[in-house]
Amino acid sequence: MIDDVTRSLLDNLPRGGSYDLSVAHDPASDMHALTIMIDGQAFQPGIGYESSDHFEFDREQIAEYLLTRKQKCGGCGTCRCG
């Protein structure tokens with residue numbers, strides 16, 4: 001289960017219709033930084049992993065959270081509201 005800090009960082013991202021998650025090694029921090037593509041635009045929420053295997057453990061949970069998090073938009077009908 002993703003923690004409250006991760007949830008908070010994800011909540012700061014815009015909502016979108018499609019999400020793609022990946023990690024890439026960041027030599028400066030020696031961590032694997034999470035990149036989230038939202039409708040074709042890249043965002044780095046500041047979440048890092050010691051290895052890509054650690055990311056794989058969280059991948060599905062993060063993707064599910066991004067899709068089902070509560071919307072704050074007022075309910076136009078084009079998003080998924082939890």
Side-chain angles (χ1 to χ4, degrees):
M1 178 162 221
I2 57 175
D3 61 28
D4 290 337
V5 173
T6 301
R7 253 186 235 102
S8 176
L9 291 169
L10 295 173
D11 284 344
N12 288 322
L13 296 172
R15 277 117 181 113
S18 68
Y19 300 92
D20 185 37
L21 287 70
S22 63
V23 291
H25 187 258
D26 175 28
S29 66
D30 199 27
M31 300 283 285
H32 289 74
L34 175 63
T35 298
I36 301 173
M37 296 291 288
I38 302 174
D39 296 337
Q41 186 175 0
F43 295 89
Q44 291 186 317
I47 300 170
Y49 293 91
E50 291 180 17
S51 73
S52 58
D53 290 337
H54 289 137
F55 162 67
E56 290 301 327
F57 180 76
D58 285 351
R59 178 193 286 268
E60 286 186 36
Q61 292 179 43
I62 290 173
E64 181 68 20
Y65 183 77
L66 288 169
L67 289 173
T68 61
R69 61 191 164 151
K70 290 197 181 289
Q71 303 297 317
K72 299 175 186 172
C73 60
C76 68
T78 62
C79 57
R80 291 186 177 183
C81 295

Inset, instruction - With the side chain counted from C-beta on, respond yes when Leu21 and Asp58 share a heavy-atom pair under 4.5 Å apart, and no when they do not. - result: no
Legend entry - Co-membership, hydrophobic cluster, residues Val5 and Leu13, 4.5 Å side-chain: yes
Inset, instruction - Would you kindly say whether Asp11 and Ser8 are connected by a side-chain donor-acceptor distance under 3.5 Å? - result: no
Inset, instruction - Indicate yes or no: at least one non-hydrogen side-chain atom of Leu10 is less than 4.5 angstrom from one of Ile36. - result: yes
Inset, instruction - Kindly give the heavy-atom pair with the smallest separation between Leu66 and Tyr19, and that separation in Å. - result: O-OH, 3.7 Å
Inset, instruction - Scan for salt bridge (Lys or Arg N to Asp or Glu O under 4.0 Å) pairs involving residues 22-46, sequence neighbours excluded, and state none if there are none. - result: none
Inset, instruction - Can you see which heavy atom on Val23 is nearest to which on Leu34, and at what distance? - result: CG1-CA, 3.9 Å
Legend entry - Nearest non-hydrogen partners of Ala42 and Thr35, listed with the distance: CB-CG2, 4.1 Å
Legend entry - Minimum side-chain heavy-atom gap Arg69-Arg7 below 4.5 Å: no
Legend entry - Joint hydrophobic cluster, Phe43 plus Ile2, side-chain heavy atoms closer than 4.5 Å: yes
Inset, instruction - Any salt bridge (Lys or Arg N to Asp or Glu O under 4.0 Å) involving residues 46-56? Give me the pairs, sequence neighbours left out, ordered by first then second residue. - result: Glu56-Arg59
